[in-house]
Protein chains: 2
Amino acid sequence: MKPAELTLAISTHLPEMRKSERKVAEFILANLSEVIRMRIVDLAEAAGVSEPTVVRFCRAVGCDGFQAFKLALAQQLASSPSYGQIAVTDTDSVAEYTFKVFDSTVDTLLKVRDSLDLEMLTRAVQAICVANRVEFYGFGASAAVAFDAQHKFFRLQVSAAAYADPHLQNMSATSMAPGDVVIAISQSGRTTTLINAMEQVKNRGAIVIAIAPSDSPVAQAATIPLTIDAKEDIQIYTPLSSRIAHLVVIDVLAIGVAQHKGGQLQEHLLDLQHGLEALRVPNTESD
Amino acid sequence: MKPAELTLAISTHLPEMRKSERKVAEFILANLSEVIRMRIVDLAEAAGVSEPTVVRFCRAVGCDGFQAFKLALAQQLASSPSYGQIAVTDTDSVAEYTFKVFDSTVDTLLKVRDSLDLEMLTRAVQAICVANRVEFYGFGASAAVAFDAQHKFFRLQVSAAAYADPHLQNMSATSMAPGDVVIAISQSGRTTTLINAMEQVKNRGAIVIAIAPSDSPVAQAATIPLTIDAKEDIQIYTPLSSRIAHLVVIDVLAIGVAQHKGGQLQEHLLDLQHGLEALRVPNTESD
DNA sequence: TCGGCTATTGTAAATAATTTACAAATAAAT
DNA sequence: ATTTATTTGTAAATTATTTACAATAGCCGA
């Protein structure tokens, strides 16, 4: 029994349950966090059924017994930390908004992780691996993402560049050729300049990977769309978590490329590490 | 009992434990995931002690009894999906390494969240709020973080700049004055050029906030150190999760500043939003 | 090193929790 | 309406956990 899917399992089995088992199920779904502190007697009473019915319910959702059920439930609860809306208010303390920002980011990452199109991801990695050069386009907050990506891929011996200037982007776009790859990054998915550049790149026969919301013009304009729908909790302040999600998706691409490149890359990375050491106070690590 | 800190609690209490309790502790730490499936008798036998000793151990680490202990352990295990080794191997499938990258990032974020010094964070927010100007210094991967930060704070009507060029950094540093704030970002915490710039900034009477590993020279050189120890799981590829942690910490600072600025900032942000709309395909949102 | 003291651990009993077996009751079908 | 199958609960048995207490081991001072 995978804990991450317990509540799902409960909901799934609901229709085929008996009346009193359903009472248990409904009570549990409505009182998830209390249930893990309850004994079988308490739960039976609270749900208005007998103890054996609770046991039967546990078996029905795929657990070995009541204890096993509680354990699985506890795990599921622990693994979806926020689960709900996180809105920073004017009166939040430092501790409160710190936790909210972290938790909402974590929440976003888990959602994005589960909604990624692995097929597209695979295609994107392959395209990057065989590309002559890889360029990143992005404006605003996505510009920082693009530069981060450039840095990362450059380390992986990929000929990478990043442009946040529309003129440079255009010049880059017109110089693209088949075998090249452009990665267009947009949080809004509706930046017209970016879409124009993408069209130009496609006309030149190069591949365009987009990291953007699904159903957005940017995603639609891509050869390989990597769609990311990170509902922004703190929208107005600036894209917080969705930008992080973009970065992590790029991390995944980078790991994919690194894996493809295999052994000789490791040596290159170690060389880089040694090179950077000269710029540092004696010790170890990477910047 | 906060589940997230159970293993920590076990380790903490280890020295003050009796011989046989320690046997229990050691067995548990070495067999975390098996223990949650064990009954008290099994565990007692496996650890070579009696059952009451196990109960005493549970109480010693702050739990109410054996069941409560198991529940807490289960939660901790579920909430730190990786706990230890997330190493991407050469044979991982796309799905595997995607999950590993996301999970290790989440893991890092949760750890960083729990280890942040809220006092320092508060001081940092206050310093930024009253600063005449705020500048971000960072090299390599941290340069992208710096530019991202600049963008974010600029939106918040903070006079922000970011420098990844040591010369510019130096020029900026020597132009600093009391009331100014520099935020030095470093993943390694040992970049000599950065440390030099920080010293100069301090000499000019300005405040230096560092985002760097604890005990690192960069953290030590700061007026307000925000220490972040993100053990890198996938070290060699490039700092993945720790860089994300830095970004999220900056998000927290930004939210803090936004909260301080209050109402009139909201209007400014809406204005910005409207301004950006002109650059987009009709619809809504931010980039 | 021995005797007395304290602290630690285990044994066994008691309590509490879960599960099983079975019987009552309800619902369904002929 | 009666029989049959299904569902549910009662009560007993089993199993697990906890407590009380006794035994033992370790420690300190003489």
Side-chain angles (χ1 to χ4, degrees), chain A residues 1 3 6 9-10 12-29 31-76, chain B residues 1 3 6 9-76:
Chain A
M1 165 103 297
L6 226 201
I10 299 177
T12 309
H13 290 264
L14 254 182
E16 69 205 45
M17 279 181 187
R18 297 99 189 233
K19 216 175 20 246
S20 48
E21 277 171 34
R22 207 169 309 162
K23 280 204 253 177
V24 180
E26 279 157 9
F27 178 85
I28 291 174
L29 288 176
N31 302 277
L32 287 172
S33 46
E34 282 84 62
V35 171
I36 60 171
R37 319 211 145 274
M38 286 177 147
R39 301 166 309 164
I40 198 168
V41 268
D42 307 327
L43 177 55
E45 191 189 351
V49 300
S50 68
E51 286 128 62
T53 301
V54 174
V55 174
R56 281 189 282 262
F57 160 83
C58 296
R59 305 249 154 95
V61 296
C63 295
D64 234 23
F66 181 68
Q67 288 302 339
F69 172 81
K70 265 194 2 185
L71 228 37
L73 184 62
Q75 301 218 5
Q76 146 142 13
Chain B
M1 164 104 297
L6 227 201
I10 299 176
S11 314
T12 309
H13 290 265
L14 253 182
E16 70 205 44
M17 279 182 186
R18 297 94 190 239
K19 216 176 18 247
S20 48
E21 277 170 35
R22 207 168 308 160
K23 279 203 254 177
V24 180
E26 279 157 9
F27 177 84
I28 290 174
L29 288 176
N31 301 278
L32 287 172
S33 46
E34 281 85 61
V35 171
I36 60 169
R37 321 209 145 276
M38 285 177 146
R39 300 167 310 162
I40 198 169
V41 267
D42 307 327
L43 177 55
E45 191 189 352
V49 301
S50 69
E51 286 128 62
T53 300
V54 174
V55 174
R56 280 190 281 264
F57 160 84
C58 296
R59 304 250 153 94
V61 295
C63 295
D64 234 25
F66 181 68
Q67 287 301 337
F69 172 81
K70 266 195 358 186
L71 228 38
L73 184 62
Q75 300 219 6
Q76 148 141 15

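Values in this document were obtained by computation on a predicted structure and should not be read as measured data. First the proteins, then the strands, lettered A, B, ... as listed; each starts at 1.
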Pairwise N/O distances under 3.5 Å, protein to nucleotides 26-29 of chain C:
none

Which residues, if any, of residues 42-50 of chain A bring a heavy atom under 4.0 Å of DNA chain C?
-> none

With sequence neighbours excluded, give me every ring-ring contact (aromatic ring centres under 6.0 Å, His included) pair touching [range].
range                     : value
residues 21-40 of chain B : none
residues 31-74 of chain A : Phe57(A)-Phe69(A)
residues 30-56 of chain B : none
residues 35-56 of chain B : none

Okay, side chain of Lys70(A), backbone of Arg37(A): is any donor-acceptor separation there less than 3.5 Å?
-> no

Overall bend - the helix from dT1(C)-dA30(D) to dT30(C)-dA1(D), comparing terminal axes fitted on five pairs, nearest 10 degrees = 10°

In terms of heavy-atom contacts, does CD of Glu34(B) have more than 12 from other residues, nucleotides or ligands at under 6.0 Å?
-> yes

Close N/O contacts between protein and nucleotides 17-19 of chain D (under 3.5 Å):
residue, atom, partner, partner atom, Å
dT17(D), OP1, Gln67(B), NE2, 3.0
dT17(D), OP2, Ile40(B), N, 2.8
dT18(D), OP2, Phe66(B), N, 3.2
dT19(D), OP2, Arg59(B), NH1, 3.0
dT19(D), OP2, Arg59(B), NH2, 3.4

Looking at residues at least two apart in the chain, or sitting in another chain, which of them share a salt bridge (Lys or Arg N to Asp or Glu O under 4.0 Å) with Asp64(A)?
-> none

For Arg39(A), the salt bridge (Lys or Arg N to Asp or Glu O under 4.0 Å) test, sequence neighbours excluded, returns Asp42(A)

In terms of heavy-atom contacts, Leu71(A) and Leu71(B) come closest through CD1-CD1, 3.8 Å

Would you give the length of the straight line joining atom CD1 of Ile40(B) to atom CD of Gln67(B), rounded to the nearest 0.5 angstrom?
-> 8.5 Å

Give, for atom CD of Gln75(B) and atom CD1 of Ile36(B), the distance between the pair rounded to the nearest 0.5 Å.
-> 11.0 Å

Show which side-chain atoms of residues 47-54 of chain B pair as donor or acceptor with protein atoms under 3.5 Å away, not counting sequence neighbours.
residue, atom, partner, partner atom, Å
Ser50(B), OG, Thr53(B), OG1, 3.1

Tell me whether the OP1 or OP2 atom of dT9(C) has a side-chain N or O from Ser20(B) closer than 4.0 Å.
-> yes

Mind calculating the distance between NZ (Lys23(A)) and C1' (dT7(D)) to the nearest angstrom?
-> 12 Å

In whole Å, what is the span from the CZ atom of Arg18(B) to the P atom of dG10(C)?
-> 12 Å

Just grab all the salt bridge (Lys or Arg N to Asp or Glu O under 4.0 Å) pairs involving residues 17-29 of chain A, residues at least two apart or on different chains.
-> Arg18(A)-Glu21(A)

